[in-house]
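To keep things clear, I will list the structure first and then write my remarks on it.
Values below: every heavy atom of this structure, side chains too, minus hydrogens, waters and symmetry copies. Here, residue 1 is the first one in the sequence, and each next residue gets the next number.
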Amino acid sequence: MKRRQLLLSLLSVPLLPIARAMAADREPVVGLPCEGCEAVFAGQPSNPSSHARIAPVNEPGQPLRLWGKVTDRRGHPQPGVIVYAYHTDKGGRYPTTIAHPGGIRTRHGRLRGWARTDARGQYQFDTIRPGSYPGRDIPEHIHMQVIEPGRATYYIDDVLFRDDPKLTAQQVRELSQGRGGRGVTAPTESNGNWLVRRDIELGLNIPGYPQSDLP
């Protein structure tokens with residue numbers, strides 16, 4: 001229960017209403033409950049690359065590179081999977097509610113992006129290290145969601161940072177076997193630049209994940 005409460009608190013980002021019709025012909029959302037998971041489709045580029053930028057180069061904050069490998073349950077790299085990520089700014093806020101093409105609005109903010117895994121199953125985001133929510137004891141985090149084309153979309157455990165003083169040992173234990181693999185990362189830093197690896201195992205611990213056509 002404590003682990004579920006932590007996950008829900010990390011996902012508690014207020015959203016304006018998003019028409020479910022926009023996702024009617026898209027991948028079904030599984031792994032419920034999932035507040036606002038349809039927002040992954042809002043403004044999604046038609047052909048994202050494997051290397052995407054979330055925060056502009058001039059965004060205040062320490063530069064951070066987030067990367068990882070996406071595999072199936074047998075450890076085989078999976079190309080063509082879309083990884084979505086969004087996070088707060090340096091001050092811990094989701095900056096600027098933005099209007100996407102078609103008038104769709106989301107409070108995921110402007111620091112968000114999509115990357116499609118390459119032939120080796122790898123993805124990469126360049127961004128900044130996010131701040132934690134002001135006045136709250138929730139650790140710094142990057143929200144993550146996966147779109148498996150033609151199959152499903154679902155959120156996975158957030159990227160968390162072992163060196164964050166707000167991340168407790170109990171939380172690390174509770175999140176050690178999470179959704180889509182381990183979200184607690186060990187960031188390394190060099191000359192003010194952070195490097196973080198978050199590997200993803202498709203469908204791991206995702207309720208309702210379609211199993212019928214798995215190898």
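- Between W194 and L66 there is no side-chain heavy-atom pair separated by less than 4.5 Å.
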**Prompt:** Checking side chain to side chain contact (heavy atoms under 4.5 Å, CB included) for the pair M144/I200: CA distance, chi angles, key distance, verdict?
**Reply:** CA-CA 10 Å; M144 301 282 283; I200 299 169; 4.3 Å; yes
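- Contact detail for P134 and G91: the closest heavy-atom pair is CG-O, 3.4 Å.
- The heavy-atom pair separating G80 from P149 by the smallest distance is O-CG, 3.3 Å.
- Counting all heavy atoms, side chain and backbone alike, G181 lies closest to L204 at N-CD2, 3.5 Å.
- Contact record, A152 with V30: CB-CG2, 3.8 Å, taken as the closest heavy-atom pair.
- No side-chain heavy atom of I82 sits less than 4.5 Å from a side-chain heavy atom of E148.
- Heavy-atom minimum distance, P187 versus D163: CG-OD1, 3.6 Å.
- Of the charged side-chain nitrogens involved, at least one lies within less than 4.0 Å of a carboxylate oxygen, so that R120 and D118 count as a salt-bridged pair.
- Under the side-chain hydrogen bond (donor to acceptor under 3.5 Å, both in side chains) criterion, D126 pairs with H51, R65, sequence neighbours left out.
- Proximity of R53 to V57: side-chain heavy atoms (C-beta onward) are separated by under 4.5 Å at one or more points.
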**Item:** Residues V40, W114; criterion side chain to side chain contact (heavy atoms under 4.5 Å, CB included); working and verdict
**Value:** CA-CA 9 Å; V40 69; W114 297 258; 4.0 Å; yes
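- Ion pair R197/D199 flagged as a salt bridge, since at least one NZ, NE, NH1 or NH2 atom sits closer than 4.0 Å to an Asp/Glu carboxylate oxygen.
- Looking at K166 and E140, no side-chain N of the basic residue comes within less than 4.0 Å of a carboxylate O on the acidic one, giving no salt bridge.
- Applying the under-4.5 Å side-chain rule to Ile, Leu, Val, Met, Phe, Trp and Tyr, the cluster around W67 extends to L195.
- Between the side chains of R112 and Y84, at least one donor N or O sits under 3.5 Å from an acceptor N or O.
- When the side chains of ILVMFWY residues are joined at heavy-atom separations under 4.5 Å, either directly or via intervening members, I128 and V196 end up in two distinct hydrophobic clusters.
- When side chains are defined from C-beta on, R162 does not count as touching T185, because their heavy atoms never get closer than 4.5 Å.
- Side chains of Y154 and E27 form no contact here, defined as non-hydrogen atoms less than 4.5 Å apart.
- Partner F161 forms a side chain to side chain contact (heavy atoms under 4.5 Å, CB included) with one of P130, P139, S132 and no other, that one being P130.
- For the pair T117/S50, no side-chain contact is recorded, criterion being any heavy-atom separation below 4.5 Å from C-beta on.
- Note on E189 versus R129: no salt bridge recorded, every NZ/NE/NH1/NH2 to OD/OE distance being 4.0 Å or above.
- V146 is not listed as a side-chain neighbour of Y155, based on a closest heavy-atom distance of 4.5 Å or more.
- Scanning both residues, R151 and P210, for their nearest heavy atoms gives CG-CG, 3.3 Å.
- Considering H76, Q78, R73 in turn, Q78 is the only one that fulfils the side chain to side chain contact (heavy atoms under 4.5 Å, CB included) rule with L202.
- Not counting sequence neighbours, the partners of T153 by the side-chain hydrogen bond (donor to acceptor under 3.5 Å, both in side chains) test are Q145.
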**Item:** Worked verdict on R182 versus V172 for side chain to side chain contact (heavy atoms under 4.5 Å, CB included)
**Value:** CA-CA 10 Å; R182 188 175 178 84; V172 172; 3.7 Å; yes
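- Side-chain N or O atoms of T168 include one that pairs as donor or acceptor with a backbone N or O of Q171 at under 3.5 Å.
- In summary, the side chains of Y133 and Y94 do present a donor paired with an acceptor at a separation below 3.5 Å, with no hydrogens or angles considered.
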**Residues L111, E59; criterion side chain to side chain contact (heavy atoms under 4.5 Å, CB included); working and verdict** = CA-CA 10 Å; L111 300 181; E59 181 74 24; 4.1 Å; yes
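- The side-chain heavy atoms of F125 and V83, taken from C-beta on, include a pair separated by under 4.5 Å.
- Under the side-chain hydrogen bond (donor to acceptor under 3.5 Å, both in side chains) test applied with D158, the options R179, H143, H141 reduce to a single match, H143.
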